[in-house]
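Below, all heavy atoms of this structure are taken into account, side chains as well, without hydrogens, waters or symmetry copies.
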Amino acid sequence: MVQEAHKKNIVILGFMGTGKSIIGRRLAVELRYHFIDTDKMIEDRTQKRVPEIFDESGEAYFRSMEAEIVKEVSELSHHVISTGGGVPINPENLDCLEQSGILVTLTARPEIILKRVQRRKGERPLLDDGNSLTTITRLLSERLPYYSRSIIAIDTSDIQIGESVRRLLKQITPHLQGIN
Ligand code: S3P
């Protein structure tokens, strides 16, 4: 069992469209932490967008890059780390991140997720099968046990970004004593 005082980061887990990047970025500002996003790191390193990577090299290649990046970011401190929605399905990723930081999960109802991902069409290769709601519901239930490893969870379905950040801060702050 890892002592919380050794945990240096805030790690945001959650399904696509739950607001990990935008909420994580604002949370970092509030905490005066740095912000980093695993998908963005993969894109910077490959000079390709995530859908292009899936398309040209396949999901397995993407997942191996993702695992590499997770190891790297786990070594950081005082970062809010926003993770791609599939990161925790790899047990090694989840172990590494759990050692590295306080795990926080953002959730949202499937219909809300669908609405949000539809605003940015073509960006989520796993939901490109023309039956997104069914896929979202299936993936959510498969991933629930992994997302549930976090100690803090916020449902972002019906609240604004600022309110999600406020609620997260309130829940995270007691765990930060002894870290900063
Ligand atoms: C994925 C989520 C995406 C991205 C990739 C795979 C997933 O990130 O990593 O498309 O498996 O859920 P976001 O959760 O930031 O959309």
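No continuous path of ILVMFWY side-chain contacts below 4.5 Å connects V29 to I154, so the two sit in separate hydrophobic clusters. When the side chains of ILVMFWY residues are joined at heavy-atom separations under 4.5 Å, either directly or via intervening members, L144 and L97 end up in two distinct hydrophobic clusters. Residue I159 is grouped with residue V165 when hydrophobic side chains (ILVMFWY) are merged at heavy-atom distances under 4.5 angstrom, including chains of intermediate members. Residue I112 is not grouped with residue I161 when hydrophobic side chains (ILVMFWY) are merged at heavy-atom distances under 4.5 angstrom, including chains of intermediate members.
L94 is not listed as a side-chain neighbour of I89, based on a closest heavy-atom distance of 4.5 Å or more. In this structure, the side chains of L76 and K8 stay at 4.5 Å or more apart for every pair of heavy atoms. Looking at I36 and V80, their side chains never come closer than 4.5 Å, going by heavy atoms from C-beta outward. When side chains are defined from C-beta on, L103 does not count as touching I152, because their heavy atoms never get closer than 4.5 Å. At a threshold of 4.5 Å between non-hydrogen side-chain atoms, the residues E43 and V50 count as touching. Between E142 and L139 there is a side-chain heavy-atom pair separated by less than 4.5 Å. Counting only heavy atoms from C-beta outward, the side chains of R45 and I69 approach each other to under 4.5 Å.
Within the structure, side chain to side chain donor-acceptor pair (under 3.5 Å) pairs that include any residue of residues 22-31 do not occur (at least two apart or interchain).
Although no hydrogens or angles enter the test, the distance criterion places no donor-acceptor pair under 3.5 Å between the side chain of D39 and the main chain of G84. In terms of modelled atom types and a separation under 3.5 Å, the side chain of H175 and the main chain of T173 share no donor-acceptor contact. Side chain of K20 to backbone of G14: a donor-acceptor contact under 3.5 angstrom is found.
With rounding to the nearest 0.5 angstrom, the CG atom of L13 is 6.0 Å from the OG atom of S150. We find the CG-CZ distance between L140 and R138 to be 10.5 Å, quoted to the nearest 0.5 Å. Separating the CZ atom in R167 from the CG atom in L27 is a distance of 14.5 Å, to the nearest 0.5 Å. Note that CD of E72 is 11.5 Å distant from CD1 of I81, once rounded to the nearest 0.5 Å. Once rounded to the nearest 0.5 Å, the distance linking CE of M16 with CD1 of I136 reads 7.0 Å. The line from CD1 of I102 to CG of N9 is 9.0 Å long, rounded to the nearest 0.5 Å.
Considering only residues two or more places apart in sequence or on other chains, R63 meets the salt bridge (Lys or Arg N to Asp or Glu O under 4.0 Å) condition with E59, E66. Residues meeting the side-chain hydrogen bond (donor to acceptor under 3.5 Å, both in side chains) test with T38, sequence neighbours left out: none. Every residue two or more places apart in sequence or in another chain was checked for a side-chain hydrogen bond (donor to acceptor under 3.5 Å, both in side chains) with D128, and none qualifies. Every residue meeting the salt bridge (Lys or Arg N to Asp or Glu O under 4.0 Å) condition with D95, not counting sequence neighbours, appears here in chain and number order: R149. With sequence neighbours left out, R143 forms a side-chain hydrogen bond (donor to acceptor under 3.5 Å, both in side chains) with Y147.
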query = For V70 and T83, what are the C-alpha separation, side-chain angles and deciding distance, and is it a side-chain contact (heavy atoms from CB on, under 4.5 Å)?
reply = CA-CA 8 Å; V70 164; T83 62; 5.7 Å; no
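In terms of heavy-atom proximity, A108 sits nearest to T18 at N-CG2, 3.7 Å. The two atoms that bring S74 and S100 nearest to each other are O-OG, 3.2 Å, heavy atoms only. In terms of heavy atoms, V11 sits closest to G101 at CG2-CA, 4.1 Å. Considering every non-hydrogen atom in both A28 and F35, the closest pair reads CB-CB, 3.8 Å. Of all heavy-atom pairs between T105 and T107, the closest is CG2-CG2, 3.9 Å. Closest approach of T137 and P110 over heavy atoms only: OG1-CB, 4.1 Å.
Heavy-atom neighbours of E92 CD from other residues, nucleotides or ligands within 6.0 Å: at or below the threshold of 12. Within a 6.0 Å sphere centred on CD of Q160, heavy atoms belonging to other residues, nucleotides or ligands number 12 at most.
Y33 and H78 have perpendicular rings, their planes meeting at more than 60° on a 0 to 90° scale where under 30° would count as parallel.
Partner of T156 under the side chain to side chain donor-acceptor pair (under 3.5 Å) criterion, out of R109, R116, E163: R116 alone.
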